[in-house]
Amino acid sequence: MNELRETVRRFAVREIVPYLPDWERAGEVPREVHAKAAKLGLLGVGYPEEVGGGGGTLLDSATVTEELILAGGSSGLIAALFTHGIALPHIIAAGDPGLIDRYVRPTLAGELIGALAVTEPDGGSDVARLRTTARRDGDRFIVNGGKTFITSGARADFVTTAVRTGEPGTGYGGVSLLVIDTDRTGFTVTRRLEKMGWHCSDTAELSFVDVDVPAVNLVGAEGTGFRQIMRHFASERISMAVQACAMAQRCIALTIQWCRDRKTFGSPLSEKQVVRHRIAEMARVTAVARTYAWSLADRISNGGQVTPVEVAVAKNTAVAACDQVVDSAVQLHGGAGYLRDSEVERHYRDARIMGIGGGTTEIMNEIIAKGLLDAD
Ligand SMILES: Cc1cc2nc3c(=O)[nH]c(=O)nc-3n(C[C@H](O)[C@H](O)[C@H](O)COP(=O)(O)OP(=O)(O)OC[C@H]3O[C@@H](n4cnc5c(N)ncnc54)[C@H](O)[C@@H]3O)c2cc1C
């Protein structure tokens with residue numbers, strides 16, 4: 001096991017696994033966990049040293065994600081503790097030193113929590129139609145609107161927010177990104193959303209009423225928000241594919257152990273052919289999905305390009321594998337797999353978001369179909 005994996009495993013075993021059931025019940029991860037993860041350098045893995053990160057590539061951040069789940073963590077924990085993975089990349093790429101000092105460095109140091117707010121109550125898949133407005137008024141923007149399903153929205157200190165700076169009907173060209181501090185007057189967390197899974201990850205509905213935001217908080221050029229969001233979807237979707245595969249890997253390990261220990265009709269489950277073949281299938285779909293997802297992470301990490309079609313294939317393949325595996329894991333655990341707080345039951349619930357968040361399975365299929373059918 002390499003050094004990074006060992007560090008992550010130790011952190012998970014000491015600082016995460018014993019407390020995760022409490023955080024699931026509380027509906028959030030305590031802030032001090034961010035500070036502890038940052039102290040070990042885990043929040044900065046995959047981020048350039050120039051912005052306060054520890055260096056490394058997407059392969060390294062995939063390693064952190066995978067090992068946290070394999071060691072007994074959860075994808076909900078990843079969503080909560082690593083929300084900066086979706087909140088910061090646009091700010092880093094835009095390269096404004098002021099925004100990097102105010103938001104990126106303190107977040108990677110575990111002092112601030114960031115969120116990304118794109119989805120609105122009217123719709124999430126159709127990003128180009130978002131309706132939250134930011135009207136320019138001299139050196140400020142006045143923001144009005146609402147967002148929903150925002151990961152870490154209840155705890156966030158700032159929200160990288162997709163807003164419409166153009167006139168209504170300007171489509172994707174009228175979308176910009178603004179960093180909004182959550183202590184601004186007019187910003188409210190209107191609701192904490194209760195969910196099927198990801199219980200330790202707070203998810204919120206946000207409201208903006210005449211929120212006054214300095215124009216220097218604009219990320220990149222006005223009107224480029226949609227393009228920035230799309231560009232960074234690649235790493236988010238690959239990361240979700242890695243998470244889905246890791247959940248599947250963990251469920252396979254738990255199921256193998258269970259089937260060796262559990263005896264029915266005088267022999268262990270692991271000796272019954274139908275059980276053995278089911279586990280073989282779980283391993284087959286997971287191995288293929290993982291190999292594909294990690295090959296994209298590897299290519300990006302070595303300076304190569306990946307296409308939106310490849311990313312969509314990786315996400316959908318991983319989600320399908322994970323769905324199949326978590327279902328089989330619960331089935332092979334019998335009644336024990338249905339009990340609240342059994343680990344496979346938690347993965348079963350957590351897994352359901354993977355085909356919805358970060359672009360749904362149907363939207364991924366649209367991307368794949370477009371690449372196949374509408375190519376020149
Ligand atoms: C736990 C959780 C955390 C989340 N975290 C965040 C976050 O941090 N930030 C953020 O901005 N958003 C977040 N989201 C929102 C998430 O990205 C959206 O839920 C997702 O993009 C889908 O949008 P929607 O829910 O509005 O569904 P819709 O867009 O209304 O889609 C509903 C259904 O219709 C299908 N559909 C839509 N359009 C088409 C089409 N053209 N063809 C075929 N089928 C279609 C979809 O695939 C889906 O099955 C989160 C959601 C959840 C549940």
Side-chain angles (χ1 to χ4, degrees), residues 24 27-29 74-90 107 113-132 145-164 172 175-180 182 189-208 219 225-226 228-230 232-237 239-240 243-244 247 311-312 315-316 319-320 323 346-347 349-370 373-374:
E24 289 275 299
E28 64 178 48
V29 172
S74 74
S75 67
L77 183 273
I78 304 284
L81 189 55
F82 294 87
T83 320
H84 61 279
I86 54 175
L88 296 184
H90 323 82
T107 305
I113 294 174
L116 173 72
V118 177
T119 306
E120 301 191 345
D122 282 351
S125 300
D126 195 356
V127 176
R129 273 184 220 268
L130 63 86
R131 300 204 316 197
T132 295
K147 298 285 178 183
T148 193
F149 303 137
I150 306 309
T151 298
S152 295
R155 296 180 306 147
D157 300 293
F158 67 91
V159 182
T160 305
T161 311
V163 291
R164 181 160 299 287
Y172 63 82
V175 175
S176 301
L177 284 179
L178 262 187
V179 187
I180 302 180
T182 56
V189 175
T190 36
R191 206 152 56 103
R192 290 174 79 115
L193 303 171
E194 293 191 2
K195 311 183 295 297
M196 175 193 296
W198 274 18
H199 286 175
C200 69
S201 169
D202 58 299
T203 309
E205 197 174 82
L206 311 177
S207 158
F208 306 85
V219 181
F226 184 81
Q228 295 184 60
I229 293 164
M230 292 301 139
H232 295 292
F233 263 147
S235 52
E236 180 186 354
R237 286 170 182 164
S239 166
M240 289 189 75
Q243 279 181 56
M247 267 189 277
V311 172
K315 184 169 186 283
N316 277 3
V319 169
D323 284 348
R346 193 189 66 218
H347 289 304
R349 288 183 288 102
D350 285 353
R352 195 59 189 86
I353 184 60
M354 292 290 147
I356 297 172
T360 65
T361 298
E362 290 78 9
I363 296 300
M364 295 304 100
N365 275 338
E366 270 302 302
I367 292 171
I368 298 166
K370 209 168 170 196
L373 302 168
D374 302 343

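Read the numbers this way: they start at 1 and go in the same order the structure lists the ligands and their atoms. All values below were derived from every heavy atom in this structure, side-chain atoms included, with hydrogens, water molecules and symmetry-related copies excluded.
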Would you find a donor on one side and an acceptor on the other, under 3.5 Å apart, between the side chain of Asp350 and the backbone of Gly197?
-> no

Within-cutoff protein neighbour (heavy atom, under 4.0 Å) for atom 32 (C) of ligand 1 | no

For atom 36 (N) of ligand 1, is some protein heavy-atom partner under 4.0 Å away?
-> no

Smallest separation among heavy atoms of Lys147 and Val118, with atom names = NZ-O, 3.0 Å

Short list, please: which atoms of ligand 1 are under 4.0 Å from a heavy atom of Thr360?
-> 22 (C), 46 (C), 47 (O)

In ligand 1, which numbered atoms sit nearer than 4.0 Å to a non-hydrogen atom of Lys195?
-> 1 (C)

Judged by non-hydrogen atoms, does Gly123 sit under 4.0 Å from ligand 1?
-> yes

Quick one: do Asp122 and Arg131 make a salt bridge, cutoff under 4.0 Å?
-> yes

Below 3.5 angstrom, do we get any N/O pair linking Glu366 and ligand 1?
-> no

Polar proximity ligand 1 side, Thr151 side, N/O cut 3.5 Å exclusive = yes

Nearest non-hydrogen partners of Val311 and Arg237, listed with the distance | CG1-CB, 3.5 Å

Under 4.0 Å, heavy atoms only, figure out whether ligand 1 is touched by the backbone of Lys147, its side chain, both or neither.
-> neither

Backbone, side chain, both or neither: what part of Ile86 comes under 4.0 angstrom of ligand 1, heavy atoms only?
-> side chain

Among protein heavy atoms, which sits nearest to atom 26 (O) of ligand 1, and what does the distance come to when rounded to 0.1 Å?
-> Gly124 N, 2.6 Å

Which residue holds the protein heavy atom closest to atom 20 (C) of ligand 1, what is that atom called, and what is the gap in Å?
-> Ile356 O, 3.5 Å

What is the nearest protein non-hydrogen atom to atom 27 (O) of ligand 1, stated with its residue, atom name and distance?
-> Ser125 OG, 4.2 Å

Does a donor on one side chain and an acceptor on the other come within less than 3.5 Å for Thr203 and Lys195?
-> yes

Got an N/O contact under 3.5 Å between Glu362 and ligand 1?
-> yes

Can you see which heavy atom on Gly114 is nearest to which on Ser152, and at what distance?
-> O-CB, 4.2 Å

State, with a plain yes or no, whether a side-chain heavy atom of Thr161 is found less than 4.5 Å away from one of Phe208.
-> yes

Is the closest N or O pair between Thr203 and ligand 1 shorter than 3.5 Å?
-> no

Under 3.5 Å: donor-acceptor pair, side chain of Gln243, backbone of Ile78 | no

Kindly check if the number of other-residue, nucleotide or ligand heavy atoms within 6.0 Å of CZ (Arg349) is above 12?
-> yes

First locate atom CG of Leu130, then atom OH of Tyr172, and finally report the distance between them rounded to the nearest 0.5 Å.
-> 14.0 Å

Under 4.0 Å between heavy atoms, the region of Leu116 that gets near ligand 1 turns out to be backbone

Nearest-contact summary for atom 2 (C) of ligand 1 - protein heavy atom, Å = Ile353 CD1, 3.7 Å

Sub-4.0 Å protein heavy atom near atom 10 (C) of ligand 1 = yes

In Å, rounded to the nearest 0.5 Å, how long is the span from OG1 of Thr107 to CZ of Phe158?
-> 3.5 Å

So is there a nitrogen or oxygen of Phe149 less than 3.5 Å from a nitrogen or oxygen in ligand 1?
-> yes

What is the closest protein heavy atom to atom 41 (N) of ligand 1, and at what distance does it sit?
-> Ile363 CD1, 4.4 Å

Can you find an N/O atom of Thr119 closer than 3.5 Å to an N/O atom of ligand 1?
-> yes

With no hydrogens and no angle check, is any side-chain donor or acceptor of Thr361 less than 3.5 Å from a backbone partner on Asn316?
-> no

